[in-house]
Amino acid sequence: MPDTAIHPERSRGTAVREISYADAIREALAEEMRRDPTVFVIGEDVAEAGTPFKVVKGLVEEFGKTRVVDTPISEAGFTGLAVGAAMAGMRPVVDIMFGDFMTLIMDQVVNQAAKIHYMSGGKWKVPMVIRATMGATRRSAAQHSQSLHAWPSHIPGLKVAIPSTPYDAKGLLKAAIRDDNPVVVFEDKISYAKVKGPVPDEDYVIPLGVADIKREGSDISIVATSSMVQVALGAATMLEEIGIDAEVVDPRTTWPLDEKTLIESVKKTSRCIVVDEGYFRYGVTGEIASVIAEGAFYDLDGPVRRLGARHVPIPFAPPLEDATVPNERDVVALARQMCNK
Amino acid sequence: MPDTAIHPERSRGTAVREISYADAIREALAEEMRRDPTVFVIGEDVAEAGTPFKVVKGLVEEFGKTRVVDTPISEAGFTGLAVGAAMAGMRPVVDIMFGDFMTLIMDQVVNQAAKIHYMSGGKWKVPMVIRATMGATRRSAAQHSQSLHAWPSHIPGLKVAIPSTPYDAKGLLKAAIRDDNPVVVFEDKISYAKVKGPVPDEDYVIPLGVADIKREGSDISIVATSSMVQVALGAATMLEEIGIDAEVVDPRTTWPLDEKTLIESVKKTSRCIVVDEGYFRYGVTGEIASVIAEGAFYDLDGPVRRLGARHVPIPFAPPLEDATVPNERDVVALARQMCNK
Amino acid sequence: MSIAAKQEAAGLDVEKALHMYRGMVAIRAFEERANDLYTRALMPGLAHLYIGEEAIAVGVCEALRPDDYITSTHRGHGHCLAKGAVPNLMFAELLGKEAGYCKGKGGSMHIADPATGNLGANAIVGGGSTLATGAAYASKMLGQDRVAVCFFGEGALGQGVLYESMNLAQLWTLPVLYVCENNMYCEYTHYSETTAGDIPSRATAFGLASETVDGQDVRAVHAAASKMVERARRGDGPGFLLMNTYRFRGHHVGDIARDYYRSKQEEQRWMADRDPIAIFGGWLVSEGLADKGALDRLEKEVAAEMDAAVEFAKNAPYPDAQRVDEDVYA
Amino acid sequence: MSIAAKQEAAGLDVEKALHMYRGMVAIRAFEERANDLYTRALMPGLAHLYIGEEAIAVGVCEALRPDDYITSTHRGHGHCLAKGAVPNLMFAELLGKEAGYCKGKGGSMHIADPATGNLGANAIVGGGSTLATGAAYASKMLGQDRVAVCFFGEGALGQGVLYESMNLAQLWTLPVLYVCENNMYCEYTHYSETTAGDIPSRATAFGLASETVDGQDVRAVHAAASKMVERARRGDGPGFLLMNTYRFRGHHVGDIARDYYRSKQEEQRWMADRDPIAIFGGWLVSEGLADKGALDRLEKEVAAEMDAAVEFAKNAPYPDAQRVDEDVYA
Ligand SMILES: Cc1ncc(C[n+]2csc(CCOP(=O)(O)OP(=O)(O)O)c2C)c(N)n1
Ligand SMILES: Cc1ncc(C[n+]2csc(CCOP(=O)(O)OP(=O)(O)O)c2C)c(N)n1
Ligand SMILES: [Mg+2]
Ligand SMILES: [Mg+2]
């Protein structure tokens with residue numbers, strides 16, 4: 001087996017294939033399951049069905065039903081089971097079909113998985129991954145559209161990844177599986193099929209806690225997470241036309257948080273927008289904006305500004321739902337205002 | 001019955017009695033239960049035991065076991081039951097003994113209670129209160145010491161109160177019970193017996209969403225919540241001695257958030273510390289600091305600074321636990337640094 | 001005896017029987033149109049059809065009063081209709097229109113309506129179990145005699161909160177009825193892979209009265225539900241009904257290629273032999289309580305009503321975008 | 001026959017019996033000292049004593065191998081000791097000292113130790129149920145034959161996740177044993193106010209093998225546990241044991257005035273007639289397997305060991321404050 005490459009930086013040039021975000025995740029799982037027999041996937045309809053999003057489709061054929069395990073609709077039960085299994089030598093990858101069901105497993109994740117290492121004075125380890133989805137605009141309404149990554153990001157003992165590209169999704173998930181701590185990975189549902197990108201053939205991981213500059217620029221920093229990275233890149237293209245050179249920075253993990261890269265970008269550009277798809281209030285943007293405002297205060301031209309999902313439960317009707325999630329126009333309008341253009 | 005007074009401001013002069021934070025809460029419950037027969041209290045060991053903190057002690061004698069309802073250890077079950085009961089005409093007050101058990105009820109609170117009014121197009125209402133505790137330094141270790149108020153604060157459809165004084169605890173709880181929305185009230189365990197203060201005899205409520213200036217000052221604003229208000233006031237006294245005049249502002253509710261009062265305080269003082277007992281990262285301080293940094297940016301002398309619980313699960317050993325929660329010395333040291341004194 | 005004479009002899013029961021027949025036909029017709037709207041990309045989100053299970057919603061709700069409560073599921077159209085929802089406001093909701101039951105904010109999985117005691121369809125599996133229990137609690141505390149029915153798929157047997165609910169209901173003798181619709185599949189997984197032991201015992205273990213019922217036979221459903229509902233209303237406590245049934249279609253409309261989890265033959269067997277509408281229609285005719293012609297006419301009437309409801313919904317406007325901020329707080 | 005001869009005749013079983021006796025005495029002695037440390041304000045937090053329930057931890061753990069797993073509860077000292085924890089490191093943990101099992105980070109409610117298969121005491125009621133099930137899952141996947149035992153109070157019957165766990169365990173034939181310690185109280189509430197129906201049925205409903213045992217009789221406990229553990233180890237699936245027992249003291253040390261929830265007479269009856277140590281000691285003597293003097297000597301030995309352990313803990317240093325940031329991440 002060749003050595004794993006460690007790619008803190010976004011792949012530049014080495015990749016030859018364009019694959020989808022979902023394919024990248026499936027590859028990550030398959031490769032890690034081949035590499036390590038203690039890795040297994042557990043969740044609802046993960047085997048033959050490959051989840052409703054088909055993202056793990058095909059794994060059961062290669063690894064069988066003992067390593068791709070269909071469960072009852074018992075999110076708390078099987079997540080907690082995974083915690084125990086992780087303590088006893090396995091590396092479970094738990095599939096939470098809709099991130100909204102994080103509500104059902106917070107005790108297992110927060111009171112158990114996150115704290116066991118610490119409470120035991122470092123004696124027990126909980127090497128497990130929870131893959132959950134996030135993202136709205138699929139007309140799935142209030143209980144199937146939330147992006148709840150702010151919650152685990154708040155909890156010491158957890159790491160949280162929110163990949164935005166196939167490259168990141170694969171590299172972060174592989175790193176998460178090899179990590180000896182519980183890691184929650186939020187995958188954007190819309191990106192599964194929609195976002196394609198270069199992914200190298202060879203084995204690589206992306207260390208957790210390293211931000212990536214998705215686009216360099218000098219006038220304004222747009223710190224964007226998950227689905228919002230595509231929005232930010234789209235906005236950057238539009239801004240370019242009117243002479244605003246935006247830098248797009250993707251933290252890739254909310255915890256650990258690569259404060260240095262974020263702050264340095266803003267020190268350079270002196271303006272910053274933070275955009276995230278989670279609920280706006282008490283969410284991810286508050287922390288990131290505060291970190292930047294503290295770290296780059298004296299370089300800032302004006303306050304760090306934030307965009308997030310509207311402070312409403314996600315509605316079903318398309319014109320309403322579309323009004324809840326930040327889009328390119330919102331980013332462009334705010335950036336223009338901040339740059340006085 | 002006399003009309004209820006609406007006190008947006010902290011009681012000044014009208015109060016004659018000094019009572020404890022726990023007594024204030026008990027009074028609020030008793031008064032609202034007398035006023036409205038649909039109000040009832042439900043939770044573990046709430047009846048004869050009056051909870052382990054004895055905070056509802058005596059209610060069962062007055063209202064009987066049908067209105068002070070002992071439950072099995074089924075937090076999800078009885079909280080969800082309360083949601084259904086609220087829809088069907090009751091006003092439940094749910095007792096969550098340790099705020100750490102919020103992990104067990106997030107689905108009922110977040111996917112049901114918070115969204116039902118919206119999802120039904122405004123047709124159903126969920127007038128219920130969840131009383132949960134918060135606060136560390138009781139040597140209760142990692143699963144009984146958390147302050148998880150950041151989570152519900154993140155969720156549209158919920159209101160969240162975090163009273164710091166007996167006066168506020170009573171007035172906010174009474175307002176919460178009369179509110180037609182689900183309201184989560186976090187009560188500081190240490191304050192139950194330790195914090196005493198003036199509470200008027202007459203019926204009053206404090207509107208949700210109105211901050212209170214606990215101490216006026218001109219040099220620096222300390223925005224403090226719950227237990228940290230006492231810490232901030234203590235620090236302010238120490239700062240006074242070295243010539244720093246601190247203003248202590250208590251938002252009292254994280255949602256709705258009284259942005260105006262916070263921002264105006266900081267516009268006046270030009271410096272700001274936000275201090276909260278919850279985990280530091282992705283917590284309450286991030287949002288409040290961001291709101292202030294955005295709203296008072298051009299008046300700020302330096303970045304808004306934050307203090308919160310250390311990024312660790314709460315340890316058991318006293319010297320370790322004491323290192324996790326901000327204290328007066330931390331606030332003083334930071335304020336001195338910010339004021340160059 | 002003429003049909004009229006027979007009907008007269010059977011008295012009120014015939015009226016009820018025809019009402020139930022009409023109810024099942026209406027659900028079927030509703031769902032066929034939902035299917036159509038979905039496949040023509042007029043309906044956003046997902047459509048989980050109740051086709052094949054109509055006898056349960058209808059047989060149970062026929063035993064309820066208008067002021068009784070229900071909670072429903074992601075597969076909720078049948079329950080909502082059977083409890084009294086009108087099709088035009090339902091279709092409008094399915095299409096996300098302002099005129100819908102929830103002003104377009106809920107959609108297919110969240111139809112709710114205080115006027116018909118509908119506490120809401122719920123997209124969290126098992127989510128209705130505590131809500132129904134709570135409504136029953138309120139009914140009891142308020143000295144009302146309203147009963148609450150919790151409909152759920154056998155998948156919800158996996159959610160621990162259901163057991164917490166049943167324990168509370170039995171401890172406090174609440175007027176609530178748990179109706180488990182075992183259509184044999186949770187999404188794409190057979191229930192035998194998710195359900196150890198024995199289903200009714202999961203209720204009797206907590207002391208609940210329990211009965212297992214042929215969910216394709218609306219008369220059996222209605223009889224069992226009536227007994228349990230009356231028992232609950234009298235104050236004798238909660239009940240559990242296991243309804244054996246089958247989902248004739250995919251988990252949702254888009255679930256087309258299903259052979260990997262169940263065979264065409266199995267589906268065809270159920271549709272041919274165990275169609276609840278055919279079974280009940282056949283019985284009505286064989287008992288001489290209705291003739292084929294009358295049933296056909298009824299079906300046509302229903303079809304026309306449903307078509308009109310679809311038209312209403314299609315023509316109804318979407319909510320204005322600024323409505324998004326309304327109804328967050330009461 | 002002389003005692004020595006009788007012991008010889010009884011062979012290994014006597015060794016085991018004396019080991020169990022010693023185990024129970026050790027737990028009792030440990031808890032008395034914990035009580036003392038607490039009342040003298042030397043132990044921070046809360047102390048939930050296992051006094052009166054010793055036969056369960058000891059009888060069950062005697063049926064386990066060192067590499068088998070357990071999960072424990074807030075009332076966990078007995079389980080930890082029975083599974084092999086040493087008292088000095090336990091006392092050190094109770095006092096929050098660096099030398100403790102968890103470096104002082106866990107405290108009384110979180111004693112954990114990989115070396116003895118202890119997955120941890122757990123302060124979330126029911127929290128251990130999924131962890132034990134998961135350890136059993138790992139054991140099976142890794143082709144080991146390790147068994148996991150989940151100890152819990154009857155209060156945990158209120159937590160839905162327990163039923164989710166039992167369903168998974170039975171579906172997947174996992175080597176896990178659920179041991180319900182029904183000491184009749186959850187904190188200050190009698191279990192009849194919280195527990196509808198019938199406890200063993202809550203396990204058999206999911207297909208688990210189940211047995212009800214006199215939890216004050218260590219021989220009965222051990223026999224039942226041995227059967228269930230061997231069954232699980234063989235691959236025949238999970239089991240459930242309902243242990244009827246009694247908490248001799250308050251919910252925690254500070255719970256003094258208890259008359260409002262249970263009577264002094266009830267307590268005295270249990271302590272007088274149903275003390276597991278007295279019962280087993282009496283049996284050992286009456287069977288001629290040990291004499292009173294030997295048992296007394298053993299008690300003294302244990303007492304000395306416990307006193308030394310307390311001294312060790314008292315003299316051990318607290319962790320340095322900067323250790324607070326260690327062990328958050330592996
Ligand atoms: C808590 C939760 N977990 C998972 C899902 C995803 N999901 C939606 S429907 C479904 C299957 C439900 O099966 P069942 O309860 O038998 O109802 P049926 O669809 O058969 O009517 C699943 C797993 C969900 N909505 N809620
Ligand atoms: C989920 C949860 N809810 C509530 C509590 C508070 N609590 C601690 S012990 C206890 C009673 C437990 O009773 P039982 O399970 O019978 O154990 P026992 O104390 O009798 O050994 C309660 C309610 C908790 N620790 N965890
Ligand atoms: Mg089903
Ligand atoms: Mg007990």
Side-chain angles (χ1 to χ4, degrees), chain B residues 37-40 42 65-67 69-92 94 104-105 107-108 110-128 155-159 179-183 208-209 255-256, chain C residues 69 71 93 98 100-107 109-115 117-124 126-142 144 146 148 150 159-169 171-172 174 176 319 323 326-330:
Chain B
T38 66
V39 177
F40 70 103
I42 183 167
K65 288 197 76 142
T66 57
R67 292 183 68 196
V69 186
D70 274 344
T71 64
I73 310 178
S74 304
E75 284 85 358
F78 66 75
T79 303
L81 178 144
V83 178
M87 296 172 76
M90 304 298 294
R91 290 190 171 267
V94 173
L104 293 162
I105 63 168
D107 196 66
Q108 285 67 38
V110 169
N111 282 333
Q112 310 297 347
K115 296 179 171 46
I116 282 172
H117 186 63
Y118 193 80
M119 293 192 303
S120 69
K123 286 187 181 165
W124 284 110
K125 284 182 189 162
V126 187
M128 72 185 283
I155 303 299
L158 300 176
K159 299 184 180 180
D179 200 288
D180 273 345
N181 299 286
V183 182
L208 304 174
W255 196 261
Chain C
Y69 295 105
T71 60
E93 190 59 37
E98 173 78 22
Y101 267 111
C102 313
K103 305 185 192 160
K105 284 177 171 153
M109 296 200 290
H110 301 292
I111 309 268
D113 179 30
N118 181 353
L119 294 162
N122 209 307
I124 301 296
S129 66
T130 55
L131 303 183
T133 310
Y137 189 88
S139 168
K140 182 167 175 172
M141 274 192 95
L142 293 168
Q144 302 166 336
R146 297 160 85 169
C150 172
Q159 290 286 320
V161 78
L162 174 68
Y163 305 97
E164 300 188 11
S165 298
M166 291 197 292
N167 188 45
L168 296 174
L171 276 174
W172 299 335
L174 302 182
V176 54
R323 293 278 165 120
E326 295 172 6
D327 304 318
V328 181
Y329 292 96

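Only heavy atoms go into these numbers, but all of them, side chains included; no hydrogens, no water, no symmetry mates.
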Exercise for the section: Could you tell me which portion of C:Y137 (side chain, backbone, both or neither) has an atom closer than 4.5 angstrom to a non-hydrogen atom of chain B? Expected result: side chain
Problem - Contacting region of B:L104 [heavy-atom separation from chain C under 4.5 Å] - result: neither
Problem - Partner of B:F40 under side-chain contact (heavy atoms from CB on, under 4.5 Å), chosen from B:V94, B:T66, B:V69 - result: B:V69
Exercise for the section: Heavy-atom distances under 4.5 Å only: say whether B:K125 touches chain C with side chain, backbone, both or neither. Expected result: side chain
Exercise for the section: First locate atom CG of B:D107, then atom OG1 of C:T130, and finally report the distance between them rounded to the nearest 0.5 Å. Expected result: 8.5 Å
Practice task
May I ask you to name which of B:P182, B:P72, B:G89 has the most heavy-atom pairs under 4.5 Å with chain C?
Solution key: B:P72
Handout entry: Residue part contacting chain B, namely of C:L119, when any heavy atom lies under 4.5 Å
Key = both
Handout entry: Toward chain C, the part of B:F78 with a non-hydrogen atom under 4.5 Å
Key = both
Handout entry: NZ-CE distance between C:K105 and B:M119, expressed to the nearest 0.5 angstrom
Key = 12.5 Å
Problem - Neighbour count >12 (heavy atoms, 6.0 Å) for atom CZ, B:R67 - result: yes
Practice task
Would you mind reporting whether B:I73 and B:E75 have side-chain heavy atoms less than 4.5 Å apart?
Solution key: yes
Practice task
Name the region of C:E93, side chain, backbone, both or neither, that has any atom closer than 4.5 Å to a heavy atom of chain B.
Solution key: neither
Handout entry: Engaged part of C:L162 at the chain B interface, taking heavy atoms whose separation is under 4.5 Å
Key = neither
Exercise for the section: Provide the closest heavy-atom pair for C:V161 versus B:A76 in the form atom of the first, atom of the second, distance. Expected result: CG2-CB, 3.8 Å
Handout entry: Contact class of C:N118 relative to chain B, heavy atoms under 4.5 angstrom
Key = backbone
Exercise for the section: Give a yes or no on whether the backbone of B:P37 and the side-chain of B:R91 come within a donor-acceptor separation of less than 3.5 Å. Expected result: no
Problem - Polar side-chain atom of C:K140 near backbone of C:W172 as donor-acceptor pair, under 3.5 Å - result: yes
Problem - Heavy-atom proximity to chain B below 4.5 Å, by part of C:Y163 - result: neither
Handout entry: Options C:G134, C:S165, C:A169, ranked by heavy-atom pairs under 4.5 Å with chain B, top entry
Key = C:G134
Practice task
Sort C:L174 into side chain, backbone, both or neither according to what part of it lies under 4.5 angstrom from a heavy atom of chain B.
Solution key: side chain
Handout entry: Selection from B:V83, B:L158, B:D180 maximising heavy-atom pairs under 4.5 Å formed with chain C
Key = B:L158
Practice task
Could you look at B:V126 and say if it's the side chain, the backbone, both or neither that has a heavy atom under 4.5 Å from chain C?
Solution key: neither
Practice task
Mind checking the CD1-CG spacing from B:I116 to C:L131? Nearest 0.5 Å is all I need.
Solution key: 5.0 Å
Completion exercise
chain B shares the most heavy-atom pairs under 4.5 Å, among C:A132, C:G106, C:P114, with C:P114
Exercise for the section: Go through the atoms of B:T38 and report whether side chain, backbone, both or neither lie under 4.5 Å from a heavy atom of chain C. Expected result: side chain
Handout entry: Flag, side chain of C:T133 to backbone of C:S129, donor-acceptor distance under 3.5 Å
Key = yes
